[in-house]
Amino acid sequence: MSQFQNRIPPENNVSDNHPLAEFLGLGMVALLLVVLLTLALVFAGHTLARFVPFSWEAPLRLDWSELAVDEADGKPVHLLFEQVLVADPLPQGLSVRLTVARGDTLNAMAGLGGELLIYQGLVEQLDNDAAVAFVLAHELAHVRHRDPMQMLLSQSLVALSLAALSGNDSKMLELGVMATQLGFSRSQELEADRRAMETVKRLYGDTEGVEQVFELLSQDSALGDWLMTHPDTEARLQQLESFRRRH
């Protein structure tokens, strides 16, 4: 019957580690797992975007036509954009539509379905055609690379998967998503910069004036959120100088 006797539990069943240290350690492991999962889902979204027909983006287009300047005011930018398209034509199946928007906002963007927008305020602040052409070519590169669809699929996969795992709006999950998505966004921006530099070089024979884009955007404090998801000015200028040395 000895095997059924009550035995005194051992007195060394208490961990030597401080509870706070254990909590922080588990928290770091959990955050790392979230980041790794997010990276995998972002990569999956980027890969899947290659197989999504461009035509499927049409119902998801944003309508910016109500923001457009008068036709006469926007004509110079549209004519310049036509030259950009000649210098860097899109492959068959892709298409774009440019809107020159009213307002002093110093920004430009590319949306689903080839929708491009550039604010008149940015055009007016850039005092040379090469700089404006660079911005247009940069946004065109996002369409070529299917960046809007990549981001849509990646963010959707991440949001659905992490919501299913967590069941709540955990700050740790938000931090993991932000850390991962920010890196991919900056990578896409640098690649779009590189493509735009090549386009400007074909148009004008050099890239003089392009640096004005980076300098102007970095000086505008209103673009704080915009700059968070873009490479810092120094990194972009370094890539421009490297491009010039190679060409």
Side-chain angles (χ1 to χ4, degrees), residues 46 49-50 52-58 60-65 67-69 74-101 105-126 128-154 184-214 216-217 223 226 229-231 236 239-240 243-244 247:
H46 285 208
R50 303 172 187 171
V52 176
F54 185 75
S55 59
W56 289 12
E57 296 186 25
L60 303 175
R61 287 175 178 166
L62 295 175
D63 185 8
W64 289 322
S65 59
L67 301 175
V69 299
K75 186 174 181 179
V77 180
H78 282 283
L79 291 175
L80 180 58
F81 187 50
E82 290 178 6
Q83 297 178 40
V84 170
L85 283 170
V86 171
D88 190 19
L90 287 171
Q92 186 175 4
L94 298 185
S95 61
V96 289
R97 181 172 62 183
L98 174 67
T99 298
V100 182
T105 303
L106 304 184
N107 205 355
M109 61 193 75
L112 292 164
E115 290 292 327
L116 304 183
L117 180 143
I118 184 170
Y119 281 93
Q120 185 71 8
L122 178 57
V123 175
E124 292 173 351
Q125 289 294 319
L126 298 173
N128 68 88
D129 285 352
V132 178
F134 174 82
V135 174
L136 295 173
H138 174 100
E139 302 306 333
L140 181 65
H142 281 310
V143 175
R144 176 187 297 279
H145 300 153
R146 305 295 304 278
D147 288 342
M149 178 54 69
Q150 288 183 11
M151 292 302 292
L152 174 65
L153 290 178
S154 297
F184 272 87
S185 177
R186 288 177 174 175
S187 174
Q188 290 171 330
E189 293 298 333
L190 285 173
E191 180 59 24
D193 278 354
R194 185 196 61 76
R195 183 89 188 195
M197 291 171 197
E198 294 176 350
T199 302
V200 171
K201 179 72 165 55
R202 284 194 291 271
L203 265 176
Y204 301 102
D206 56 46
T207 56
E208 292 303 317
V210 168
E211 61 274 6
Q212 185 186 17
V213 177
F214 307 140
L216 176 65
L217 294 178
L223 291 178
W226 185 89
T229 57
H230 287 64
R236 303 180 82 174
Q239 181 172 248
L240 176 60
F243 178 85
R244 287 172 174 170
H247 299 80

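Atom set for the values below is all heavy atoms of this structure, side chains included, hydrogens, waters and symmetry mates excluded.
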remark   = Across all chains, not counting sequence neighbours, the salt bridge (charged side-chain N to carboxylate O under 4.0 Å, His left out) partners of E191 are R194

query = Of all heavy-atom pairs between G111 and P148, which one has the smallest distance, and what is that distance?
reply = O-CG, 3.8 Å

ask   = Looking at NE2 of H145 and CG of L94, how far apart are the two atoms once the value is rounded to the nearest 0.5 Å?
value = 10.5 Å

message = Looking at every heavy atom in both V135 and A108, which two are closest together, and how far apart are they?
response = CG1-CB, 3.6 Å

task = With sequence neighbours left out, write down each residue that passes side chain to side chain contact (heavy atoms under 4.5 Å, CB included) with E115, or none if nothing qualifies.
result = R61, W64, R97

query = For H142 and A192, which heavy atoms make the closest approach, and how far apart are they?
reply = CE1-CB, 3.7 Å

Candidate list N107, V69, L106, test side-chain contact (heavy atoms from CB on, under 4.5 Å), partner Y119, passing option = N107

ask   = Excluding sequence neighbours, so at least two apart, what forms side chain to side chain contact (heavy atoms under 4.5 Å, CB included) with V86?
value = none

query = Which value, rounded to the nearest 0.5 Å, describes the distance between E82 atom CD and L98 atom CG?
reply = 10.0 Å

ask   = Can you tell me how far the CE atom of M197 sits from the CZ atom of R202, to the nearest 0.5 Å?
value = 13.5 Å

task = To the nearest 0.5 angstrom, please state how far the CG atom of L190 sits from the CZ atom of R186.
result = 9.5 Å

key: Contact summary for L216 and Q125, nearest pair of heavy atoms   = CD2-CB, 3.4 Å

inquiry  = Could you check whether any side-chain N or O of R144 sits under 3.5 Å from a backbone N or O of D88, counting only pairs where one atom can act as donor and the other as acceptor?
reply    = yes

ask   = Taking it one step at a time, do Q188 and Q150 satisfy side chain to side chain contact (heavy atoms under 4.5 Å, CB included)?
value = CA-CA 10 Å; Q188 290 171 330; Q150 288 183 11; 3.2 Å; yes

request  = Mind listing the closest non-hydrogen atom pair of L203 and A87 along with its distance?
outcome  = CG-CB, 3.8 Å

query = Which value, rounded to the nearest 0.5 Å, describes the distance between D193 atom CG and E198 atom CD?
reply = 11.5 Å

task = State, to 0.1 Å, how close L116 and A110 come at their nearest heavy-atom pair, and which atoms those are.
result = CD2-CB, 3.6 Å

Stepwise side chain to side chain contact (heavy atoms under 4.5 Å, CB included) test for M149 and F54 = CA-CA 9 Å; M149 178 54 69; F54 185 75; over 6 Å; no

request  = Anything under 30° is parallel, anything over 60° is perpendicular, the rest tilted; go ahead and classify F134 against H138.
outcome  = tilted

query = To the nearest 0.5 Å, how far apart are CG in L62 and CG in L117?
reply = 9.5 Å

remark   = Tested for side-chain contact (heavy atoms from CB on, under 4.5 Å) against F81, the lone hit among I118, V100, L136 is L136

ask   = Sub-3.5 Å donor-acceptor pair from the side chain of E57 to the main-chain atoms of R146, do we have one?
value = no

